[in-house]
There are 2 protein chains.
Amino acid sequence: MLEWLKEPELNFPDQITAGFEHGVCVGQIQAKAGLTQSTVSEYLSILQRAGFIESTRVGQWTYYKRNESAFEALSKLIESNL
Amino acid sequence: MLEWLKEPELNFPDQITAGFEHGVCVGQIQAKAGLTQSTVSEYLSILQRAGFIESTRVGQWTYYKRNESAFEALSKLIESNL
DNA sequence: TTTACATATCGGGAAAAGTCGATATATTTG
DNA sequence: CAAATATATCGACTTTTCCCGATATGTAAA
């Protein structure tokens, strides 16, 4: 999922909202993942709590997009601390 | 454990072998970890299979030391691919 | 070559993570 | 407000991971 969210336009061409500035909505990710709605929703909320993605609620949809700084931070942490 | 192995001299002052060029032996790590011998042994072998540490058998002892290049590779992987 | 010591492997029980269906909540539409 | 849609949460079950004791293997010392 995290890799998919790197290029939303490519990986979620079916999303019909105006642009991807807020990322991709849960339903799209669910369809592509082939897991149930509840599983995907929980998974996304875990990723969010961990700081790897951010969510934006727009109407009835929740959009998720990557938080690149978290990945950079993790990369640096592994490089230096670990 | 991986952090401990960054500075063997500091973290394993009890090791009485001549130097740390091959790393630290299982018993030392076990004592510090507070886990059983079998658990630590298995854990170290997993880390080795994953490439994060290397082992050297010297007599009845097995020494483990970090493989820094694996950490760099992981760091770069997270930075670029993920 | 028997005994002692260090480490590795094996089998199993406990804990955690993954996944689901059912249901709750929130939002939009009629 | 009622129905429809999207997402979130809950409880239960399954799978995986963690960790242990027992035992095997490999090496050194007596």
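Naming: A, B, ... by sequence-line order, numbering from 1 per chain. Just the heavy atoms: all of them, side chains too, but no hydrogens, waters or symmetry mates, feed the values below. In this text, all values refer to a predicted model and were calculated from it rather than measured experimentally.
Counting only residues at least two apart or on different chains, the side chain to side chain donor-acceptor pair (under 3.5 Å) pairs with a member in residues 51-65 of chain B are B/Q48-B/S55.
The interatomic distance linking A/L44 (CG) with D/dA8 (C1') rounds to 11 Å, in whole Å. Between A/H22 atom NE2 and D/dA6 atom C1' there is a gap of 17 Å when expressed in whole angstrom units.
In summary, contact between chain A and DNA chain C, defined as any nucleotide atom under 4.0 Å from a heavy atom of the protein, begins and ends at C/dT19 to C/dT28 in the 5' to 3' direction.
Between B/V26 and A/Y43, it is B/V26 whose nearest contact on DNA chain C lies nearer the 5' terminus.
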Worksheet item: Does the pair B/E72 and B/K76 meet the rule for a side-chain contact (heavy atoms from CB on, under 4.5 Å), with working shown?
Response: CA-CA 6 Å; B/E72 237 180 87; B/K76 284 195 168 44; 3.8 Å; yes
Fill in: Criterion side-chain contact (heavy atoms from CB on, under 4.5 Å) on A/K6 and A/N11, from CA distance to verdict
CA-CA 9 Å; A/K6 262 199 135 175; A/N11 292 307; 5.9 Å; no
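For the atom pair CG of A/N67 and CD1 of A/I53, the computed distance is 9.5 Å after rounding to the nearest 0.5 Å. Between B/L74 atom CG and B/S69 atom OG the span is 11.5 Å, to the nearest 0.5 Å. Atoms CD1 and CD, on B/I29 and B/Q15 in that order, are 8.5 Å from each other to the nearest 0.5 Å.
Side-chain heavy atoms closer than 4.5 Å link hydrophobic residues (I, L, V, M, F, W, Y) into clusters, and following such links, possibly through other members, connects A/L77 to B/W4.
Figure legend: A/R66 and A/F71 shown as a cation-pi pair, the cationic atom lying under 6.0 angstrom from the six-membered ring centre and within 45 degrees of its axis.
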Worksheet item: In B/S/- notation, 5' to 3', how is nucleotides 10-30 of chain D contacted by protein heavy atoms closer than 4.0 Å?
Response: ---------BBBB----BS--
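The residue B/Y63 sits apart from the nucleic acid: no heavy atom pair falls under 4.0 Å.
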